[in-house]
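Per chain, numbering begins at 1; letters A, B, ... match sequence-line order. Only a predicted model underlies this, so the values are computations on that prediction, with no experimental measurement involved.
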Amino acid sequence: MANFVEFERRWQQEWRKHKVFHVIEDKKKKYYCLDMFPYPSGAGLHMGHARTYSISDVYARFMRMQGYSVLHPMGFDAFGLPAENAAIKNNVNPRDWTFNNITLMKQQQDELGLSYDWDRELATCTPEYYRWNQWIFLKLYEKGLAYRKNSPVNWCPSCQTVLANEQVEDGKCWRCKNIVETKSLDQWFFKITEYAEELLQDIDKLEGWPERVKTMQKNWIGKSEGTEINFPVESNYVLLHGYNGRPDNTLHAGLRDHLDSLGLKYQCPVMPGAGQPKEEEQVNFVLENCKFDENTIIVGHSLGCVVAMKVIEKLDIKIKGLVMVAGFTQPKFKDKERPFTDTFNWNFDFEKIKGKVGTIKILSGINDDAVPIEEGRKLAQALSGELIEVTSEKPHFRSTNEPTVNLHAVSSIKIFTTRPDTIFGATFMVLAPEHPEALKLTTKEYEAEVKKFISKVLLEDKFTRTAEDKEKHGVFTGSFVINPLTKEKIPIYLANFVLMDYGTGAIMAVPAHDKRDYEFATKYKLPINEVISGGDIDKEAYVGDGKLVNSGKFNNLSNEEAIDKISEHIESLTMGKRTTQYKLRDWLISRQRYWGTPIPIIYCKSCGPVPVNEKDLPVKLPEDAQFTGEGNPLDKSASFLNAKCPKCGHDARRETDTMDTFVDSSWYFLRYCSPKNEKEVFSKEAVEYWMPVEQYIGGIEHAIMHLLYSRFFTKALRDLGLLKFDEPFVNLLTHGMITMGGEVMSKSKGNVVDPREVISKYGADTLLVFVLFSALPNKDFEWSETGINGIHKFLNKVHALATEPNELPAHSEFDAYVESKLNRLIIKAKTDTLEFKFNYTLNSLMEFTSILQKYKERGLGKRVFDSSVKSIVLMLCPFAPHLSEELWHDLGNKTFASLELWPNADEGKIDEKIEYEEEFALGVREDILSILELTKIRQPQEMKLIVSPEWKYTLVKEIKARLGQTRDSGTIMKEIMQSDLKKYGQDLVKLIPKLVQDPSKMPLIDLKQDEETKSLERNKKVLEEEFKCPVIIEIAEESRDAKARNGMPGKPAIVVK
RNA sequence: GCGGGAGUGCCGGAGCGGUCAAACGGGAUAGGCUUAGGACCUAUUAGCUUAGUGCUUACGCAGGUUCGAGUCCUGUCUCCCGCACCA
């Protein structure tokens, strides 16, 4: 038995000593074979690591032996929470903890004999690495792709940090599985949404990626095409004209038409004294003649705004809105006296007005010749209203149709739908409880209930709220919107099933054709109107296709056509537009933890957030941090916190958030190309040579996060002019898991197997081959050591075959056969290995090894034997590199097997006929065995093999020649009867139908009678030895045995005595 | 619900329309070699049957195409994985 453990260690040292796997950019074709780099955990390498690394290592070694310059690097994803948690727990520095683990892992990787170029090792936690994270951040910041905003974010209370959307699984933290909370915080984001469309489109370019990963990414980006539609809120408008105005000579004329077209109600009084307006007269008139309620919106124009404010001061109820078009607060501007200067009181109680109006909008004309724009700004400030500066059709909004006024006067709720075809069936509207308009739309009557509902829903965490079987709850707001096509008044509800962060946070509910809406409508007794035929809406929502009904002029269209037609119609009414929605959100990269890349931003009291100067990078992590477990250590590190503003030089404060560690891994594959470059993020030439990665190998758990982020980075860096390609990874292999007891191996489940246990018992090669042989790389496999011994035996067999002395003759009659088999193997092994079918390759190698061993015993020719052994040794090299290296050496070579070329097949040596001849004798042997079994003859006295008569060979040939044309045995029979074979007519009648019906009874390869005889002669000795009796071989024509006529081509008659 | 993948012997797993009762490996059984063996070698491992190397059935289930189907088509069931109140 070979001492694997001993020579494995020896070769590992040799490889290291001679830097065998070091690569440089050279003229050879390149190949970049990359493993997802590991997190250096304290547990070291587990079997899953061993598996994935062995997969990529086989491939790297294989491609190297195909003559490529192979980049096969390894590094460590070394920032992350466990290090910091260890620091808190054991009072060690996260860096020391991390580097200890790295040392441990490297040692274990070396023990596996992996062929990494360790000169390119990197660890993301070193300032040499993370300074480039910061540099990239600054570049993205310059481009507007990194930004800070306040938003509700996912907060993991146990990790004490925020998480990106991708990092929340089932409402739980991907790392610690705790339930994630929602918090509102100022955070840094990368604008990955800017690339949503390209990230989606380019998935189609990823031909070498598994379908399911692509699907997962598509789902995550979640594109849907639909239409945004504005539903006007039902309100009672009061339109107040200005000085010299009338309802028909001002913008109100157009506004009235607009309101009419929307089905909205309004009052538009002709105010007394239009030419000589007096406050009291006008205000009283309005108060007496107009009805006000909490649903009232006053739209004033010019002096009408002043009247409106005065009216509101006097109202004893609260109204919904005030829209002031070209409003003002004092009559003296442009030094021009107005006729109403003295008839109005120019003091306003702005606070009181504010308190009595829900929403205030101020429209100011940039081109106003009567009221300067400053007046509008003043008003907006005094009333905390929304200021909208526009260019009006005519100065001072004097046109009778002012579309901007129409647009802004009417408040509406924007919904998003992918089913505009069902709009005629929209019988209510639902807003997310967080919708900014939710409370504003709530009438007094419903206020208490709505508030209760909102707080109840918002208290629930995302996970609970979006659970599948969650019951739909909702509450009526008291307000209505107008369905823009049916003009019907439909109620506005808030409900838990509508999400604020998708679409517009509001939906039109079409209960007849949406399951959720149906459920909701049934529960709250809301009308269900069928607009697509084909279902039975009394029973359930019909979501299928059909023709439109109850849809006005769109009736009878197919719903697919209607999507377009109705969208167009809505666009022509300027009620909405077609848009695209994505589920993808911007990537939140802020983390409130120490052990990560500091975000290179400084907050200055006067300049705001200022990026750190490039020359001041890296912003290093401080040494004086205290790991108490309370909050972010950076917040308490004085040496870190205090900085000078890069702009003005004054004292300032550093950003204490660090970056998500997924930032580190989004570009490390680029850094490997020139890992030691101190001047640049990466060398352009090196990246141009090595990138993209031809083969990337890692776990499915990164299907979205890491792989999406890396794709985004590649595109962003491309747009920064740093890269020339669009996608980083050409081929992706997601390896399967190793399970034990049906569960993934993990420390917490206590079902881990330490690779070192196996290595110490059998050696690394056995482990590698076993793992590779047990299942296809992309499939899961259940760990079981039964069988590992079989692998060990196989490797030992190879070892013995190559090293045991032999006294083979120079040539033998078996040479051609073994050579044919060998060359066939070389081709098959190469194709299979290229396709990651490593278990097939090994399978074939085992098979051939057995053949070789068998023929060695029979006295195979030395030349063929030696070249076979050499080929096996080389072909085995990617799978069992140590053994291969050892045997290569034993064979007298001074080079490294690892650097040799994979054997080349000589296709000319592949000879099916020779193979068949040889295997034919094997078949005969099996037939003998079964006859012995049947006859219960234990020890035969003599055996006779009678080769089929010559004419049967001709027959078989004739039949085969005709099978292409016909399958009718009658026809074939007739034809053959006309030939010389006719004299065997009696036999033909039996044989032909049988053979035509089952052509498999005829051998695939045609041997001639004498060739069969020769093949048998050659194997005669072997048979005699095995069965311990004389074997006689004759041909049917010369045999007197009655059984002679049973023989068929490929199946000689057998007589046992 | 949507999307992806898979169903073949005791097990892992082959099978790109014909040589498939099913590669290769494991396990089990029997035998050989041996002082012994967890080493090596051989046979058996769906059923039936026979002085003749055969026959029958089988590849989740049901149909279809074909002279011929694990292999192509249709429907259906089961399992695994991912996403999911996404409007």
- [ ] From the options A/T427, A/V430, A/I507, select the one residue that forms a side chain to side chain contact (heavy atoms under 4.5 Å, CB included) with A/D517.
- [x] A/I507
Task: NZ (A/K223) with more than 12 external heavy atoms under 6.0 Å - done: yes
TODO: Measure the distance from CD1 on A/I788 to P on B/G27 and round it to the nearest whole Å.
DONE: 12 Å
Task: Atom P, compared across B/U56 and B/G68: separation rounded to whole Å - done: 15 Å
Task: Partner nucleotide of B/U44 by Watson-Crick or wobble geometry (both distances under 3.5 Å) - done: B/A28
TODO: Taking only heavy atoms on the protein side, list every residue of residues 213-221 of chain A lying under 4.0 Å from any atom of RNA chain B, sorted numerically.
DONE: A/T215, A/M216, A/N219
- [ ] Counting Watson-Crick and G-U wobble pairs only, both distances under 3.5 Å, name the nucleotide matched with B/A14, or none.
- [x] none
Task: Pi-cation contact, A/F497 with A/K472 (under 6.0 Å, within 45°) - done: yes
Task: Salt bridge flag under 4.0 Å for residues A/K913 and A/D911 - done: no
What are the atom names and distances for every N/O pair under 3.5 Å that joins the protein to nucleotides 10-13 of chain B?
from, atom 1, to, atom 2, distance (Å)
B/G12, O2', A/S774, O, 3.2

Task: Those residues that, when tested against A/Y855, pass ring-ring contact (aromatic ring centres under 6.0 Å, His included) (two or more places apart) - done: A/F814, A/Y817
Open item on the list: Expressed as a whole number of angstroms, how long is the span from A/E434:CD to B/C85:C1'?
Closed with: 13 Å
Task: B/C86 OP1/OP2 closer than 4.0 Å to side-chain N/O of A/R516 - done: yes
Open item on the list: With a 6.0 Å cut-off on the ring centroids, do A/F773 and A/F794 count as close?
Closed with: no
Task: Residue pairs involving residues 838-853 of chain A (criterion side chain to side chain donor-acceptor pair (under 3.5 Å); sequence neighbours excluded) - done: A/T833-A/T841
Open item on the list: Could you identify the nucleotide paired to B/C83, looking across every strand shown and requiring Watson-Crick or G-U wobble geometry with both distances under 3.5 Å?
Closed with: B/G1
- [ ] Could you tell me whether A/P1052 contacts a base, only the sugar-phosphate backbone, or nothing, with contacts defined as non-hydrogen atoms closer than 4.0 Å?
- [x] base
- [ ] Would you indicate, yes or no, if B/A87 has its OP1 or OP2 atom less than 4.0 angstrom from a side-chain nitrogen or oxygen of A/S224?
- [x] yes
Task: Touch class at under 4.0 angstrom, heavy-atom based, for A/A703 against every strand present - done: nothing
TODO: Applying salt bridge (charged side-chain N to carboxylate O under 4.0 Å, His left out), name anything that partners A/K830, two or more places apart in sequence or on another chain.
DONE: none
Open item on the list: Nearest whole Å is fine: how far is B/G82 C1' from A/I203 CD1?
Closed with: 14 Å
Open item on the list: Under the rule for salt bridge (charged side-chain N to carboxylate O under 4.0 Å, His left out), what residues qualify as partners of A/E918, not counting sequence neighbours?
Closed with: A/R858, A/R1018
Open item on the list: Need the pair for B/U65. Rule: Watson-Crick or G-U wobble, both distances under 3.5 Å, any strand; none if unpaired.
Closed with: none
Open item on the list: Need the pair for B/A51. Rule: Watson-Crick or G-U wobble, both distances under 3.5 Å, any strand; none if unpaired.
Closed with: none
